[in-house]
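First the structure, in the form of structure tokens, and then the observations on it.
Worth knowing before you read on, the calculation uses all heavy atoms, side chains too, and leaves out hydrogens, waters and symmetry mates. Order of the sequence lines sets the chain letters (A, B, ...), proteins ahead of strands, with each chain counted from 1. As the structure is a computational prediction, the values presented were derived from the model and not from experiment.
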Amino acid sequence: MITREMILLDCDYIVDSSNRPVIRLIGKGTDGRTCTVYVEGFKPYFYVLAREGDERRVAERIAERFQGIVTGVSFERKFLPLGYQRSKREVLRVEVRVPTQVKEIRDKVRKMEGVIEVFEADIPFRYRYMIDNGIYGYSLLRVKGEVIKTSLGKTSMEMKAHEVRVVEDEVAPKVELKMMSFDIECLPSNDKLLPDPSKDPIIIISIAFYPSFDGKDTLVLVSRPVNAKIDNIECFNGEEEMLRRFLEIIDAYDPDLITGYNILNFDLPYLLRRLKEYNIPSKMGRVLDKGVQLKKGERETRILIPGRIVADVQELVKSEFHLKRYTLDHVAEKLINEKKVELDYKDIPKLWNGNSNEIKKLIEYARKDAILPLKILLEKRLLDKYLELSRVCGLLPQDVIYGGQSAKVESLLLRYGKKRDIILPCKPDDQEIERRRKEREKKELKGATVLEPKVGIYSGDDKILVLDFRSLYPSIIIAYNICFTTLLLEDGDSEVSHITAPTGAKFVSKEVREGLMPEILRELMEFRVKVKKMMKEEKDPERYRQLDARQLAIKIMMNSFYGYTGYLKARIYSLDVANAITGFGRQTIEFTKQKVEETYGYEVIYGDTDSIMVRIKTRNFDEAEEIGRKISIEISRLLPEPLLLEFEKIYKSFLILSKKRYAGLRVTRGDDGKWHEDVIDMKGIETVRREWCDLVSEVMETILDILLRENNVEKAVNYFRTVVKDLKEGKIPLEKLILTRSLSKLPKEYKAKQPHVVLAEKLRKRQGKMAPSVGERIAFVIVKGKGSIAERAEDPEYVMENGLEIDDEYYLEKQLLQPAERLFKPLGISKKELLNVNVGVTLQSFLETNGNSGVMSVRSSMEMIFDDNIQVVCERCNTTLDILKLKGRFCPKCFSQISEEAIYNAILRAILSGMRELISVKYSCEKCGRSYSRPTLTQRCMCGGRLVSEISIKESYEKIRKVKPAVSSMLTPEHREAIDEVLKLADLIVAPKSSSS
DNA sequence: ATGTAACGGGG
DNA sequence: GTGTACGTTACAT
């Protein structure tokens, strides 16, 4: 008999030779050894509610009718879930031999005479076991038992359990997960289509490991001999041999997590299909009796590998980051600043059959595609949140990564319900869902309050304080004891002490009985407070991160409960409960608004669900903070516990366009105690959208920046006009105008003619074989000419080569104007005004709003650096002026004076944007000289040589240096000095011309 | 306004 | 495995 501790990774069950279910737990100890634990004796069961007085008779009938299946019927006293129950009710506990039989008989039982309802008859057996034994996913277990050896296990050891105990742990023990990322390359027989797994072979499988495997971080399997010396590859005679070796490597490395990019929808299904081709069983998991389980949905696949976690980085990134596109190349660039190896997939067959250099290129391409997802996963810590969620809600890691909110909530409801003898209903069938849907149409689900925004821009003396209710809905549920278990169903019960919601629903007070949801939420909230406290004292960054992930997981869990009560497919659906929560929410926010306005006399300019934004007038951030704190404390005092209005942040300037759409420039107190401008928070204002070209995103961002950081509406308008002017003059670089759309099927299959489809046809006629094929992304720009927009879509390269003219009208109307208008309209600037390029802002009005600080509007800094010289635009006559050609400080056309401030700003901007571009670090191999833009994972070149970093100076810096003496005479000494300072700083950075790090 | 078709991303 | 099931946006009506 031994005792062993392990983190629970997976759980399922097997049926032994005498047809009894045996629970199987797979876990990993702190020593890194994996273990399979078999638990015997746990039996499947469910509950039946019979007509009062009929219990015995129904029990007998069930036992009789399902002889051989039902192994026992007993009686237990339980609380029914819906409505406040004064006492427990007698229910039948029906036990069956094997788990699948529950499903088999539950509908029959449901229809039997005398049966009212069946409870908890749809809980997967492994969860039934975990729930009943208080075992949570990814939690620490202490197992007592004997070591055994079966024919089913692949783990380091196997045990037959005598006892499984949960170890209470505040901080998760350190168990290092082994992760493996992989990627496949195929050889398509038809280069117009995606490779077909029924016939096109896999030619390469690349793998990345963390931690390393046999000293290797990566390994590439190649299905044919390669006549070149390449490190970390293995070659085979054909696909089958390679596939077998791949499975062998999985077994040998034994990863806890398998990842990759889009593996759920591509690599894994493809791989499984190829394995089937050779009749190789897909035993990639940690058990020998089960292979990989593939569940294909409409457009979604779930893949389960026993004992291992499958996580698709693409999915994780999609749920964590809002990006324009989710291609690996784009995602890697945005998140970890790395790119894929440049290679057109159409060239794969050519490279595959090519010379040693070509195949080398293909191998390194594949290698990188396995490395990138793993790096993203690690660097962005994409797993932390899920592992903590698993520990908080109890689901297995695998199910948390994929599953929706409802499973997590139910896991907790079942666990806490079990402790209190509350049984829960089964999930609703179609009929019940339909009934609920109809009910919802009649009695609608009322949402939260969104206060009418006082549209406009706030800056200068105005400061906006943001106050938030900490976990509003969870707090309300706790404060007013709202739950399906406390809801008073009949008026007759109203002599019980209760609370009436604004909607009229009544809930017994917590002194009578605490509700299930309030209990769970109260514990979660206390737990979160504890975790946050621990975070404050935690010095170790790794542990701090983990605690942070945990408090986030708890927050996510808490916020899921409200939604669950109004979810059509919930086990317990109660509009009365859902509406009571939002009802109290509306009451709370209205009350808060009223108090702030009446007691303090401040203006509430906006509020949504659980937050209010208060306008105060002060230049002093300390004072603003003081006011915020005061409001927070005093209002919280007026509300029942645990409702808490927290002072969240100060916006130095704030722009609100409409409900749910605003942007604010945050100020925060730095370590030096001083206030600093911080990030711009944005809500509902999008600057990146798939259907917009880059120009639009860039313009939107710049406008917001000018509005919030410089508080200069005129300048923002002017900037927009400049862009429009540039667009009309064809000065906008073509790549900023490119739109992309992917060709999902053959052109003729499209009904509506879309630009990229028409273009695809055009290209096919023009260049024949090189034309884009199905599944490819097509880049296009809209050019001038006749016909619909679709007919005027053109290939950017073709446009370049033939000097076609861009349809500036289209880009203005369809791309730039819509978002710009939405931004400017609430500020009282019409479309007309935006477009009126020639009528600039009068100097008079400009000076009125901005003092004499900026007569010029500086062109977008990015563009400036690419222009020949540094330029400013004269505000009076709108001419673009070259700083070098300026005689004195007068505009050569209208002779209005140009302020030194403006020139200084122009130069400074040029310097700053130049600084960003100033240094470029390149990495090159000391052996073969091949250069990389980023260091490789291994810090080694593909030839095996060491990578050495090289620092180079960009030209733009030199340009500014050249310009400086020419303009310095136009500047005040202070400005000159400031510029010199910056240049000096730049010199310092650049000074060591070559160094290695 | 409201319903329906298209698309993603992998090679 | 005692489980089901995308989510968003553009275009057409």
Next on the checklist: Looking only at the side chain of A/Lys103 (C-beta and beyond, no hydrogens), which of the listed nucleotides B/dG11, B/dG10, C/dT2 gets closest?
Outcome noted: C/dT2
Item to check | Modelled atom types, side-chain donor and acceptor of A/Thr71 and A/Glu95, under 3.5 Å | outcome: yes
Next on the checklist: Salt bridge or not between A/Asp122 and A/Arg106? Use side-chain N to carboxylate O under 4.0 Å.
Outcome noted: no
Checklist outcome for this item: Out of C/dA5, B/dG11, C/dT2, minimum distance to the side chain of A/Arg302 belongs to C/dA5
Checklist outcome for this item: Testing C/dA5, B/dG11, C/dT2 for proximity to the side chain of A/Phe266, the answer is B/dG11
Checklist entry - Which is true for A/Tyr127 with a 4.0 Å heavy-atom rule: it touches a base, it touches only sugar-phosphate, or it touches nothing? => result nothing
Next on the checklist: Nearest to the side chain of A/Tyr326, heavy atoms from C-beta on, is which of C/dT2, B/dG9, B/dG10?
Outcome noted: B/dG9
Next on the checklist: Aromatic contact between A/Tyr261 and A/Phe266, with the criterion being ring centroids under 6.0 Å apart: yes or no?
Outcome noted: no
Checklist entry - What is the distance, rounded to the nearest whole Å, between atom NZ of A/Lys361 and atom P of B/dG11? => result 15 Å
Next on the checklist: In whole Å, I'd like the distance from the CZ atom of A/Arg97 to the P atom of C/dT2.
Outcome noted: 17 Å
Checklist entry - How many Å lie between CG on A/Leu328 and P on B/dG10, as a whole number? => result 6 Å
Item to check | Spacing of A/Tyr270 atom OH relative to B/dG11 atom P, expressed in whole Å | outcome: 11 Å
Next on the checklist: Under 4.0 Å, heavy atoms only, any strand: does A/Pro188 hit a base, just the sugar-phosphate, or nothing?
Outcome noted: nothing
Item to check | Proximal nucleotide (of B/dG11, C/dA5, C/dT2) relative to the A/Asp369 side chain | outcome: B/dG11
Item to check | Distance, rounded to the nearest Å, where A/Ile123 contributes CD1 and C/dT2 contributes P | outcome: 11 Å
Next on the checklist: Using Watson-Crick or G-U wobble geometry with both distances under 3.5 Å, which nucleotide pairs with C/dA12?
Outcome noted: B/dT2
Checklist entry - Taking atom P in both B/dG11 and C/dA5, what distance in whole Å separates the two? => result 26 Å
Checklist outcome for this item: Taken to the nearest whole Å, NZ/A/Lys295 to P/C/dA5 is 7 Å
Item to check | Spacing between A/Asp429 atom CG and C/dA5 atom P, to the nearest angstrom | outcome: 17 Å
Next on the checklist: Under 4.0 Å, counting only non-hydrogen atoms across every strand here, what does A/Asp200 touch: a base, just sugar-phosphate, or nothing?
Outcome noted: nothing
Checklist entry - Are any of A/Lys43's side-chain N or O atoms less than 4.0 Å away from OP1 or OP2 of C/dT2? => result no
Checklist outcome for this item: Checking C/dT2, B/dG9, B/dG11 against the side chain of A/Arg128 (C-beta onward), the nearest is C/dT2
Checklist entry - Checking all strands, does A/Glu104 fall into the base, sugar-phosphate, or nothing category for heavy-atom contacts under 4.0 angstrom? => result nothing
Next on the checklist: Over all strands shown, is A/Ile263 touching base, sugar-phosphate only, or nothing at heavy-atom distances under 4.0 angstrom?
Outcome noted: nothing
Checklist entry - Reckon A/Tyr129 touches a base, only the sugar-phosphate, or nothing at all at heavy-atom distances under 4.0 Å? => result nothing
Next on the checklist: Looking only at the side chains, is there a donor atom on one of A/Asp329 and A/Thr327 sitting less than 3.5 Å from an acceptor on the other?
Outcome noted: no
Checklist outcome for this item: B/dC7 -> Watson-Crick or G-U wobble partner, both distances under 3.5 Å, gives C/dG7
Checklist entry - How is A/Ile348 classified with respect to the nucleic acid when contacts are heavy atoms under 4.0 Å: base, sugar-phosphate, or nothing? => result sugar-phosphate
Checklist entry - Base, sugar-phosphate alone, or nothing: which one does A/Lys318 contact when heavy atoms must sit under 4.0 Å apart? => result nothing
Checklist entry - Which one, B/dG11, C/dA5, B/dG9, comes nearest to the side chain of A/Lys340? => result B/dG11
Checklist entry - When all nucleic acid strands are considered with a 4.0 Å heavy-atom cut-off, which category describes A/Ile203: base, sugar-phosphate, or nothing? => result nothing
Checklist entry - Are A/Tyr13 and C/dT2 close enough that a side-chain N or O sits under 4.0 Å from OP1 or OP2? => result yes
Item to check | Nearest to side-chain heavy atoms of A/Phe125, which nucleotide of B/dG10, C/dT2, B/dG11 | outcome: C/dT2
Checklist entry - When you check the side-chain N and O atoms of A/Tyr45 and A/Arg128, is any donor under 3.5 Å from an acceptor? => result yes
Next on the checklist: Could you tell me how far apart A/Tyr567 (OH) and C/dA5 (C1') are, to the nearest whole angstrom?
Outcome noted: 9 Å
Next on the checklist: Tell me if the centroids of the rings in A/Phe246 and A/Phe182 come within less than 6.0 Å of each other.
Outcome noted: yes
Checklist entry - The side chain of A/Asn262 lies closest to which of these nucleotides: C/dT2, B/dG11, B/dG9? => result B/dG9
Next on the checklist: Is it the case that the side chains of A/Arg367 and A/Thr218 hold a donor-acceptor pair, with the cut-off being a distance below 3.5 Å and no angle test?
Outcome noted: yes
Next on the checklist: Need one value for A/Leu187: base, sugar-phosphate or nothing, where a base atom within 4.0 Å counts as base even if backbone is also close, heavy atoms only.
Outcome noted: nothing
